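Report on one structure; see the data block that follows.
All residue numbers in this chain count up from 1 along the given sequence. In this text the structure is predicted, and so the values were computed from the model without any measurement.
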Amino acid sequence: GRGHTAAVGSVACCLPAGDGAAPFLVSAARDCTLKVWELPRHILEQRSDGGATPIASLEVRYTKRAHAKDVNALAVSPKNQLLASAGADKVAKLWTAGDGALLGVLRGHRRGVWSVAF
């Protein structure tokens, strides 16, 4: 399957920042991975009855083995260009949102990292 193989602990939904980019969803789990999922553009459209348009399934844009232990939290930058992840492996990491390239590792924490924010 394309989904996580362990419990998901953090999810973030990223709507377009006015630059024409597609909306996406990011999930992080106890399987040490983070996944970026494509959201269909119609998710932003409201039906005439005010309800939401159902989504049958999502496609994974990419999966990254993000940490050596559980991924505890994630955050998306205000313009949806960067991701940050926090792990039970005592590090936080910074990634590009578009392709998941690792930009940096923040080491030196004495215990697992439980929160990240921009």
Side-chain angles (χ1 to χ4, degrees):
R2 299 197 75 141
H4 288 283
T5 59
V8 173
S10 188
V11 176
C13 184
C14 306
L15 300 177
D19 57 2
F24 62 95
L25 185 87
V26 186
S27 58
R30 294 184 69 183
D31 62 5
C32 306
T33 67
L34 66 83
K35 292 180 179 283
V36 174
W37 307 80
E38 296 288 342
L39 288 176
R41 291 188 185 273
H42 76 265
I43 195 169
L44 302 175
E45 299 168 4
Q46 191 170 15
R47 295 188 328 211
S48 60
D49 64 1
T53 303
I55 300 172
S57 65
L58 298 178
E59 289 295 320
V60 176
R61 184 187 299 171
Y62 61 82
T63 300
K64 292 290 177 178
R65 180 159 173 86
H67 290 269
K69 293 186 177 180
D70 301 356
V71 184
N72 294 328
L74 61 86
V76 181
S77 67
K79 293 189 177 180
N80 301 335
Q81 295 178 345
L82 302 173
L83 305 174
S85 62
D89 57 359
K90 304 179 190 174
V91 297
K93 295 184 179 184
L94 189 64
W95 313 82
T96 59
D99 61 2
L102 181 63
L103 296 174
V105 180
L106 293 89
R107 301 181 197 284
H109 300 90
R110 298 178 113 186
R111 301 201 192 298
V113 183
W114 289 93
S115 180
V116 287
F118 284 96

Excluding sequence neighbours, so at least two apart, what forms side chain to side chain contact (heavy atoms under 4.5 Å, CB included) with Val11? Val8, Leu25, Ser27
Here the pair of heavy atoms bringing Ser115 nearest to Ala86 is N-CB, 4.1 Å
Could you work out, with side chain to side chain contact (heavy atoms under 4.5 Å, CB included) as the rule, every residue matching Asp70, not counting sequence neighbours? Arg30, Asn72, Ala88
Once side chain to side chain donor-acceptor pair (under 3.5 Å) is applied, what residue pairs with a partner in residues 55-68 remain, sequence neighbours excluded? Lys35-Thr63, Glu38-Arg61, His67-Ser85, His67-Asp89
Show the nearest heavy-atom pair for residues Pro23 and Pro40, with the distance to one decimal. CG-O, 4.0 Å
For Arg110, check side chain to side chain contact (heavy atoms under 4.5 Å, CB included) against everything at least two apart and list the hits. none
Closest heavy-atom pair, Lys90 versus Val113, reported as atoms and distance to 0.1 Å, is C-CG2, 3.9 Å
Tell me, please, which residues at least two apart from Leu103 pass side chain to side chain contact (heavy atoms under 4.5 Å, CB included). Leu82, Leu94, Thr96
Under 4.5 Å between side-chain heavy atoms, chaining through other members, with only Ile, Leu, Val, Met, Phe, Trp and Tyr counted: pull out the rest of the cluster around Val71, sorted by chain and number. none
What is the minimum heavy-atom distance between Leu58 and Trp37, and which atoms define it? CB-CE3, 3.8 Å
I'd like to check Val36 versus Leu83 (side-chain heavy atoms, cut-off strictly below 4.5 Å). Are they in contact? yes
Over all atoms of both residues, closest heavy-atom pair of Ala117 and Ala75: CA-CB, 4.0 Å
Identify the heavy atoms of Phe118 and Pro78 that sit nearest to each other, and give their distance. CB-CD, 3.9 Å
Measuring from Leu39:CG to Phe24:CZ, what's the distance to the nearest 0.5 Å? 9.0 Å
